[in-house]
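Below you'll find the structure, written out as structure tokens, and then a few comments.
Residues: numbered from 1 along the sequence shown. Computed from a predicted structure; not experimentally measured.
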Amino acid sequence: GAGSGLNIIARDTSRTFIDLQNATITDNTQNGVGGETFNDSRMGVSITSPTDEDFTGITSISDNGQNGITLVASPDSPSINTSQVDLFVEDALISGNSGRGINLLATESSQFGNSTDPFLTPDGDPILIQNNMITGNGSDGIGSTRRGDAFINAAFIGNTITGNTSDGIDLLAQNANLMDTYLIQDNVIENNTVGIDIRVEADAVIDATINNNLIQSNSSDGIRVTDRANSALDLREVIGTWTQNMILSNGGNGILLDGPYGAISDLQIGLNGTDGDGASLGNIIDGNGGWGIQSTAVGNASIQNNEITNNGLGGINIAGVIPAGNFVEIDNNLISGNTGIGIELLAENVVSLGATITNNVISTNTGDGIELATLDVAVSLVEIDGNVIFDNGGRGIDILNAGAGAISDITVDNNFVDENGGEGVYVVNSSSRDQYDFKDDPTPNEDPLTDPTHGMVANGSVFSDPQMAVSYT
């Protein structure tokens with residue numbers, strides 16, 4: 001029908017609770033279920049499909065002209081919206097809507113989840129969306145946006161989120177330096193654009209726990225982090241612990257970090273050890289079209305205990321290319337069978353890069369096992385210790401320090417390096433930044449008469465001062 005199937009508005013200090021069971025809401029021109037809060041109101045919405053002998057179907061919210069379910073805390077005037085919202089959606093089919101399957105928007109000082117009002121029972125719990133089929137919607141499967149001084153705490157558990165035109169799950173936090181928290185667990189997220197898309201803007205922070213999901217066959221990245229800054233002083237970032245996920249056969253990267261991460265606490269991608277059932281706490285990142293894990297932003301991360309295999313551009317790429325610093329711990333991973341480099345670390349411009357690469361098995365990648373390049377006036381402090389590096393198509397370990405004032409301090413210790421296609425360990429310190437463009441050239445000719453530059457680019461300035469210290473045992 002015209003308008004929304006069910007539309008709820010709460011104003012002033014009103015208290016509203018809706019319990020929707022075993023309903024069919026379809027073919028409305030606007031939202032399937034819509035809720036909007038103002039002022040200091042309270043709204044609770046429960047949408048479920050309990051067993052009912054008189055109704056054998058499940059709740060279906062389908063083919064509506066806008067979103068399937070939308071809850072919005074709208075900007076208020078002249079007062080500020082301090083409303084509190086709770087949502088519980090379980091065992092529903094949410095499909096074929098023109099907009100998002102489920103849409104959350106918190107503005108001003110509103111609060112979604114963690115309500116302190118006993119009217120919203122149980123109080124103090126997150127928004128909970130679990131065990132639903134969310135499929136074929138015209139935008140994101142689930143989209144959650146926070147603006148200003150609002151707050152969102154939500155859990156998405158056990159859903160199948162498939163075939164949506166945009167992202168499977170889209171999280172956006174904007175403006176104030178507040179932290180939204182999300183638990184994303186036990187979901188199947190497949191055949192969307194990005195599997196899980198996380199974006200922070202200005203000073204906003206998102207803490208996302210991502211555990212035991214199957215994220216596969218999305219046309220772009222499996223998990224993506226992006227950002228927008230209004231000022232160089234903005235404090236935006238993403239933190240969290242991402243464990244036991246299977247990130248498979250996505251068209252882009254398995255994980256792309258293209259926004260700041262890990263300043264408050266390290267972003268954890270996999271953990272060493274096992275859970276109570278003996279299952280690894282690492283992730284399986286396999287068969288993606290791009291890198292297994294790529295970082296093009298600044299931050300601190302720990303990458304532990306993952307299987308990063310058969311990805312189209314390489315295993316792990318940490319590319320520090322904007323003014324700031326990265327520190328990454330890469331420990332106890334299997335990095336194998338990737339098309340390209342096993343681990344690539346790149347620091348250029350005025351980047352500082354710190355890394356420990358320890359106890360990994362790096363094998364059968366088509367490029368180098370490990371490649372480290374420090375360029376221009378960047379600074380790198382890297383420890384490579386206790387790795388097994390064999391049968392890669394390029395060099396075992398390839399280290400380049402090049403440019404006007406590049407500084408590298410590299411420790412290479414206790415590694416097993418064997419049967420790679422190029423040199424076991426290859427080290428170049430050069431005044432020419434252009435050497436990076438020829439870093440994969442063959443070993444220089446041993447005859448100095450026919451190869452006077454020994455295979456090196458010889459166009460660096462005599463005033464350049466690249467400095468390198470390498471400790472090798």
May I ask you to test the [X]-[Y] pair for a side-chain heavy-atom distance under 4.5 Å?
X: Ile58; Y: Asp91; answer: no
X: Ile69; Y: Val89; answer: yes
X: Leu178; Y: Arg146; answer: yes
X: Val33; Y: Leu20; answer: yes
X: Phe112; Y: Leu71; answer: yes
X: Ile303; Y: Ile293; answer: yes
X: Ile370; Y: Asn392; answer: no
X: Ile161; Y: Ile169; answer: yes

Item to complete: With side chain to side chain donor-acceptor pair (under 3.5 Å) as the test, would you mind laying out the steps for Thr309 and Asp286 before giving the verdict?
Response: CA-CA 5 Å; Thr309 54; Asp286 180 81; 2.5 Å; yes
Determine the minimum heavy-atom distance between [X] and [Y], stating which atoms define it.
X: Thr165; Y: Thr193; result: O-OG1, 2.7 Å
X: Asn288; Y: Ile247; result: ND2-O, 3.2 Å
X: Phe38; Y: Asn81; result: CA-ND2, 3.6 Å
X: Ser109; Y: Ile80; result: OG-CG2, 3.8 Å
X: Ala347; Y: Ser380; result: CB-OG, 3.8 Å
X: Ile127; Y: Val85; result: CD1-O, 3.8 Å

Item to complete: Determine which pairs satisfy side chain to side chain donor-acceptor pair (under 3.5 Å) with at least one residue from residues 5-14, sequence neighbours left out, and list them in order.
Response: none
For [X], what residues pass the side-chain hydrogen bond (donor to acceptor under 3.5 Å, both in side chains) criterion, not counting sequence neighbours?
X: Ser60; answer: Ser62
X: Arg199; answer: Glu201, Thr226
X: Tyr182; answer: Ser144

Item to complete: Given side chain to side chain contact (heavy atoms under 4.5 Å, CB included), test Ile47 with Val45 step by step and report yes or no.
Response: CA-CA 7 Å; Ile47 300 172; Val45 178; 3.9 Å; yes
Return yes if some donor-acceptor pair links the side-chain N/O of [X] with the main-chain N/O of [Y] below 3.5 Å, else return no.
X: Asn153; Y: Asp180; value: no
X: Asn349; Y: Asp376; value: no
X: Asp368; Y: Gly394; value: no
X: Asn338; Y: Ile308; value: yes
X: Asn306; Y: Ile284; value: no
X: Asp203; Y: Arg236; value: no
X: Ser280; Y: Gly282; value: yes
X: Asn97; Y: Gly65; value: no
X: Asp275; Y: Ala279; value: yes
X: Asn192; Y: Asn164; value: yes

No-hydrogen, no-angle side-chain donor-acceptor test under 3.5 Å, [X] and [Y]:
X: Asn103; Y: Thr70; answer: yes
X: Thr82; Y: Asp40; answer: yes
X: Thr296; Y: Asp258; answer: yes
X: Glu383; Y: Thr356; answer: no
X: Asn187; Y: Gln185; answer: no
X: Glu90; Y: Gln130; answer: yes
X: Tyr261; Y: Asn326; answer: yes
X: Gln294; Y: Asn317; answer: yes

Worksheet item: Per the side chain to side chain contact (heavy atoms under 4.5 Å, CB included) rule, which among Leu353, Asp398, Ile357, Leu346 passes with Leu372?
Response: Leu353
How many angstroms lie between atom [atom1] of [X] and atom [atom2] of [Y], to the nearest 0.5 angstrom?
X: Ser41; Y: Gln84; atom1: OG; atom2: CD; result: 9.5 Å
X: Ile285; Y: Trp291; atom1: CD1; atom2: CH2; result: 13.0 Å
X: Glu307; Y: Met246; atom1: CD; atom2: CE; result: 9.0 Å
X: Asn159; Y: Ile142; atom1: CG; atom2: CD1; result: 5.0 Å
X: Ser336; Y: Ile362; atom1: OG; atom2: CD1; result: 10.5 Å
X: Glu329; Y: Thr358; atom1: CD; atom2: OG1; result: 6.0 Å

Worksheet entry | Electrostatic pair Asp170-Arg100, nearest N-O below 4.0 angstrom | yes
Discussion item. I'd like to know if Arg147 pairs up with Asp149 as an ion pair, taking the criterion as any Lys NZ or Arg NE/NH1/NH2 lying under 4.0 Å from an Asp or Glu carboxylate oxygen.
Written reply: no
Worksheet item: Does the side chain to side chain contact (heavy atoms under 4.5 Å, CB included) test come out yes or no for Thr181 and Phe151, once each step is laid out?
Response: CA-CA 9 Å; Thr181 55; Phe151 168 77; 4.2 Å; yes
Worksheet entry | Sequence-distant partners of Asn359, side-chain contact (heavy atoms from CB on, under 4.5 Å), two or more places apart | Asp331
Worksheet item: Under the side-chain contact (heavy atoms from CB on, under 4.5 Å) test, which residues partner Thr162, sequence neighbours left out?
Response: Met133, Thr135, Thr160, Glu190, Asn191
Worksheet item: Can you list the steps and then say if Ile384 with Ile397 is a side chain to side chain contact (heavy atoms under 4.5 Å, CB included)?
Response: CA-CA 9 Å; Ile384 303 171; Ile397 300 172; 4.1 Å; yes
Worksheet item: Per the side-chain hydrogen bond (donor to acceptor under 3.5 Å, both in side chains) rule, which among Thr243, Asn213, Asn245 passes with Asn283?
Response: Asn245
Fill in: Residue pair Ile196, Ile215: steps toward the side chain to side chain contact (heavy atoms under 4.5 Å, CB included) verdict
CA-CA 8 Å; Ile196 300 173; Ile215 305 169; 3.8 Å; yes
